[in-house]
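Keep in mind that this is a model prediction, so the values were computed, not measured. As a basis for the values below, the full set of heavy atoms in this structure was taken, side chains included, without hydrogen atoms, waters or symmetry mates.
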Amino acid sequence: MKSWSDKKKNFKSINPMRMNELEAVAQLVNAIHQRRLEIGWTQKELADKVGLHQESIARIENGGSIPRLDTVFRLALALGMKISLHGMEEAAATT
């Protein structure tokens, strides 16, 4: 599995806000991947629990697909994880 730092080298020019979003998703996906390995589930087992195909789990884990937040939540919930946000700061309004 490619690391996030390896993947982001492939991005040429990307909006800093979008980069922050991608980094947050990458952190969540990495945690989900680690948890899946810790409990000994295959990608197929996780996929079956959340109603996805094994190939979808593989794409999410290797960075080939950026999952929606509801998908990340379903994956985490199936693995017995709780997603919480810490250190949130009010974003500056852009107009």
Side-chain angles (χ1 to χ4, degrees):
M1 185 166 109
K2 277 189 169 182
S3 70
W4 172 243
S5 57
D6 291 336
K7 293 291 274 183
K8 77 177 177 181
K9 289 176 188 172
N10 296 330
F11 297 126
K12 301 281 185 217
S13 171
I14 190 165
N15 176 310
M17 180 79 86
R18 180 67 175 147
M19 182 60 78
N20 287 341
E21 293 171 7
L22 293 174
E23 287 181 354
V25 171
Q27 288 175 3
L28 291 168
V29 169
N30 286 340
I32 287 168
H33 173 76
Q34 288 302 315
R35 177 69 178 151
R36 180 181 67 75
L37 294 177
E38 286 170 7
I39 63 176
W41 283 3
T42 64
Q43 290 177 342
K44 173 91 170 96
E45 288 171 315
L46 177 56
D48 289 346
K49 299 274 186 201
V50 297
L52 294 175
H53 296 281
Q54 178 274 325
E55 294 83 2
S56 297
I57 301 297
R59 280 193 303 274
I60 289 169
E61 288 186 355
N62 72 25
S65 173
I66 300 168
R68 296 182 344 197
L69 185 56
D70 63 321
T71 301
V72 171
F73 182 76
R74 287 183 7 233
L75 293 168
L77 191 60
L79 292 165
M81 299 171 73
K82 179 179 176 184
I83 295 177
S84 61
L85 301 174
H86 298 280
M88 290 184 58
E89 296 177 15
E90 186 174 322
T94 56
T95 53

Interatomic distance, His33 atom NE2 to Arg35 atom CZ [nearest 0.5 angstrom]: 13.5 Å
Straight-line distance of Leu77 CG to Lys82 NZ, nearest 0.5 Å: 11.5 Å
Interatomic spacing from CZ in Arg36 to NZ in Lys49 - rounded to 0.5 Å: 14.0 Å
Nearest atoms (heavy-atom pairs only) where Gln54 meets Lys44: CG-N, 3.8 Å
Distance (rounded to the nearest 0.5 Å) between Phe73 CZ and Met81 CE: 11.5 Å
Polar side-chain atom of Arg59 near backbone of Gly64 as donor-acceptor pair, under 3.5 Å: no
Partner residues of Arg74 under the salt bridge (Lys or Arg N to Asp or Glu O under 4.0 Å) criterion, sequence neighbours left out: none
Neighbour count >12 (heavy atoms, 6.0 Å) for atom CD1, Ile39: yes
From CA spacing to verdict: side chain to side chain contact (heavy atoms under 4.5 Å, CB included), Thr42, Ile57: CA-CA 10 Å; Thr42 64; Ile57 301 297; over 6 Å; no
Residues that Glu21 engages under salt bridge (Lys or Arg N to Asp or Glu O under 4.0 Å), provided they are two or more places apart: Arg18
Shared hydrophobic cluster, Leu79 / Ile83 (ILVMFWY, side-chain heavy atoms < 4.5 Å): yes
Linked, directly or transitively: Met19 and Ile66 (ILVMFWY side chains, under 4.5 Å): yes
Flag side-chain contact, heavy atom, 4.5 Å: Ile60 against Ile32: no
Common cluster, Leu75/Leu69, ILVMFWY with side-chain heavy-atom separation under 4.5 Å: no
